[in-house]
Amino acid sequence: MSFEAISNFVAAILTLFIFSFLYKDNPFYKFAEALFIGVSMGYAIPLVYENAFMPFVYTPIFVEHKFIIIIPALMGSLYIFRFTKNLSWLSRYPIVFGMAIVGMGVPMSIHSSVLVQMRSAMLPMDNINTIIIFIGTVTILLYFFFSKAHRGFYGKVTNVGVWFLMVGFGASFGYTVMARISLLIGRIQFLVGDWLGLIK
Amino acid sequence: MKRQIPLIIVICMGFLFAAHTFIPHKVSADFYTWWQSWSKAISPFAVFLGVMSLFMVHSTKISRKLPNWQFSVITLAALVFTSFSGFMWGTMEGTPFMWLFKNVQMPMGATMFSLLAFHIASAAYKAFRARSPEATVLLVAAIIVMLGQVPLGTQISEWIPETSKWILNVPNLAAKRAIALGVGLGMTATSLKILLGIERTYLGGGE
């Protein structure tokens with residue numbers, strides 16, 4: 001048995017263990033699940049060390065001799081205190097240092113999600129599609145306005161918004177199904193082709 | 001003071017960043033660069049939180065012999081072995097670390113996500129059984145969009161890809177735009193609440 005065949009065997013067995021959940025929750029699935037969590041977390045640690053710790057902490061301090069970086073490194077190590085009873089307040093400092101970026105988030109979210117979308121919505125209504133888009137956007141926004149009861153004429157208008165939302169959700173649902181089915185096809189191709197060699 | 005000082009840091013630095021967006025002066029640009037280098041130096045330590053949390057949860061399960069504690073041993077052993085192999089033999093192609101990624105982590109991740117195809121099919125069946133007009137509209141839109149992306153759709157009718165394109169470009173665009181506007185307003189409101197010290201849950205519990 002070649003090394004590649006052993007590798008494929010391991011991957012195939014673990015794939016089948018996960019698929020066994022379709023029957024019901026069982027020890028094989030639980031084993032694969034536990035292994036997946038451990039390997040995923042274990043995979044992240046050396047990558048964080050190589051791609052974040054080495055270039056942004058070790059190299060500036062020990063290679064470039066920027067000793068000021070010791071301060072944020074010490075601040076980062078305060079995260080450990082999150083799990084202590086008396087000193088957990090110390091872990092707030094690295095968190096709030098990162099949270100400060102919300103100041104930039106206010107104008108940026110107004111610009112990217114509100115103003116840009118509003119500008120794109122303000123098109124000349126010279127064809128039926130732009131009129132439908134305008135009606136859809138306004139009625140959905142009205143649907144999400146909960147300060148007024150959805151009754152009478154207003155209720156009918158917001159109901160139009162619900163129909164637009166359903167079409168939008170349907171499109172997203174269709175795309176999600178296609179993405180998952182494509183993953184499923186990939187796994188079945190692996191099992192039948194790479195592992196069992198039944199398809200070339 | 002254990003809560004007030006962090007709060008003051010967020011408010012002061014937050015307003016400085018808000019000002020930096022409108023006034024990109026050299027002083028504020030330098031301040032932003034300084035913040036970035038410090039943030040990058042702080043961020044790798046956050047992985048401690050994840051590892052420690054996982055260790056604490058699973059070691060408690062093992063020590064108390066809670067139901068299915070044996071699987072916690074597997075999780076911790078896999079964590080230790082995978083990270084050890086990364087530090088010991090490197091993370092390049094051909095190392096045990098990459099073998100674990102290609103033959104353990106990646107196949108299981110893809111299979112885990114592909115399981116959702118079955119759950120989605122079950123959810124679609126339940127929605128269809130509900131027989132409400134809204135659920136029917138959702139399913140019809142989903143079916144047309146799916147058929148519009150595959151050759152089968154064109155074989156059934158020339159109109160299916162055209163209708164699929166229209167659904168995506170017109171009613172779907174209206175829905176996505178309205179949702180984006182709502183999300184944008186929500187993000188702005190939440191950011192303002194943090195900036196003004198109204199939202200404090202990120203500080204955690206305790207004093």
Side-chain angles (χ1 to χ4, degrees), chain A residues 7 10-11 14-15 18 30 34-39 41-43 45-46 48 52-53 56-57 69 72-73 76-77 79 89 92 94 96 99-100 102-107 109-110 113-114 117 129 132-133 136-137 140-141 144 164-171 173-174 177 180-181 183-184 187, chain B residues 2 6 9-10 13-15 17-18 21 38 40-42 44-45 47-49 71 74-75 78-79 82-83 86-87 91 103-105 107-108 110-111 113-114 116-117 120 134 137-138 141-142 145-146 167-168 170-175 177-178 180-184 187-188 191 194-195 203 206:
Chain A
S7 304
V10 172
L14 292 171
T15 301
I18 302 273
K30 281 201 177 90
L35 188 69
F36 180 59
I37 295 165
V39 171
M41 193 71 208
Y43 178 72
I45 298 166
V48 169
F53 183 80
F56 305 128
V57 182
I69 297 296
S77 56
Y79 272 125
W89 59 274
R92 285 175 187 149
V96 297
M99 284 297 286
V102 294
M104 210 177 244
V106 175
S109 57
I110 289 180
S113 296
V114 180
Q117 290 297 332
N129 285 342
I132 293 172
I133 292 169
T137 310
I140 293 169
L141 285 173
F144 285 116
F164 272 97
L165 269 177
M166 287 302 139
V167 176
F169 289 151
F173 182 79
V177 170
R180 304 299 165 170
I181 297 254
L183 274 172
L184 181 66
R187 294 322 299 154
Chain B
K2 288 172 186 172
I9 293 171
V10 169
M13 283 178 73
F15 275 107
F17 280 129
T21 318
W38 276 41
K40 283 175 187 169
I42 290 171
F45 293 92
V47 84
F48 276 134
L49 278 181
F71 298 110
I74 291 162
T75 300
L79 188 153
T82 311
S83 51
F87 287 118
T91 57
N103 298 293
V104 178
Q105 208 252 1
M108 282 203 289
T111 316
F113 283 109
S114 76
L116 206 74
I120 278 178
E134 288 89 353
V137 169
L138 188 147
V145 167
M146 279 190 282
I167 287 174
L168 289 170
V170 181
N172 175 59
L173 177 69
R177 184 167 285 157
L181 279 163
V183 168
M187 274 165 62
T188 310
S191 301
I194 293 169
L195 203 58
L203 292 174

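Below, chain A is the first sequence line, B the second, and so on; all start at residue 1. Reckoned from all heavy atoms, side chains included, excluding hydrogens, waters and symmetry mates.
Among A:R92, A:Q117, A:M166, A:M41, the residue with the largest count of heavy-atom pairs under 4.5 Å with chain B is A:R92. Contact count against chain B (heavy-atom pairs under 4.5 Å) is highest for A:P46 among A:P46, A:A73, A:S113. When each of B:V47, B:I194, B:I120 is scored by its heavy-atom pairs under 4.5 Å with chain A, the top score falls to B:I120. Per-residue counts of heavy-atom pairs under 4.5 Å with chain B were compared for A:S7, A:S77, A:G136; the largest is that of A:S7. Annotation: maximal heavy-atom pairing with chain A below 4.5 Å, among B:G86, B:A178, B:A141, occurs at B:A178. The choice from B:L168, B:V10, B:V145, B:L138 that makes the most heavy-atom pairs within less than 4.5 Å of chain A is B:L138. Contact count versus chain A (heavy atoms, under 4.5 Å) is highest, among B:V137, B:L173, B:V183, B:I167, for B:V137. With chain A as the partner, the residue from B:L116, B:V104, B:V170 showing the most heavy-atom pairs under 4.5 Å is B:V170. Ranking A:V167, A:V106, A:V48 against chain B, the residue ahead of the rest is A:V106, based on heavy-atom pairs under 4.5 Å.
Residue B:T21 touches chain A through its side chain alone, counting heavy-atom pairs closer than 4.5 Å. Looking at B:L181, the atoms closer than 4.5 Å to chain A (heavy atoms on both sides) sit in the backbone and in the side chain alike.
Residues A:A171 and B:N172 come closest through the heavy atom pair CB-OD1, 3.7 Å. When all heavy atoms are compared, the tightest approach of B:A18 to A:P107 is O-CG, 4.5 Å. Closest heavy-atom contact between A:G76 and B:F45: O-CB, 3.2 Å. Contact record, A:I69 with B:A41: CG2-CB, 3.9 Å, taken as the closest heavy-atom pair. Contact record, A:G174 with B:M146: O-CG, 3.4 Å, taken as the closest heavy-atom pair.
Residue B:T188 holds its OG1 atom at 4.5 Å from CD1 of A:I110, rounded to the nearest 0.5 Å. Taking CE from A:M99 and CG from B:L195, the interatomic distance works out to 10.0 Å, rounded to the nearest 0.5 Å. With values rounded to the nearest 0.5 angstrom, B:Q105 atom CD is found 11.5 Å from A:L14 atom CG. Distance CG/A:L184 to CZ/B:F113: 14.5 Å, rounded to 0.5 Å. Of the inter-residue distances, the one linking B:K2 atom NZ with A:W89 atom CH2 reads 6.0 Å to the nearest 0.5 angstrom.
For B:F87, the ring pair (Phe, Tyr, Trp, His ring centres under 6.0 Å) criterion is met by A:Y49, not counting sequence neighbours. Every residue meeting the side-chain contact (heavy atoms from CB on, under 4.5 Å) condition with B:M13, not counting sequence neighbours, appears here in chain and number order: A:F97, A:A100, B:I9, B:F17, B:F31, B:W34, B:W35.
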Stepwise side chain to side chain contact (heavy atoms under 4.5 Å, CB included) check, B:L203 with A:V96: CA-CA 8 Å; B:L203 292 174; A:V96 297; 3.8 Å; yes
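Checked against B:L79 for a side-chain contact (heavy atoms from CB on, under 4.5 Å), the options A:I45, A:V39, A:L35 give a single hit: A:I45.
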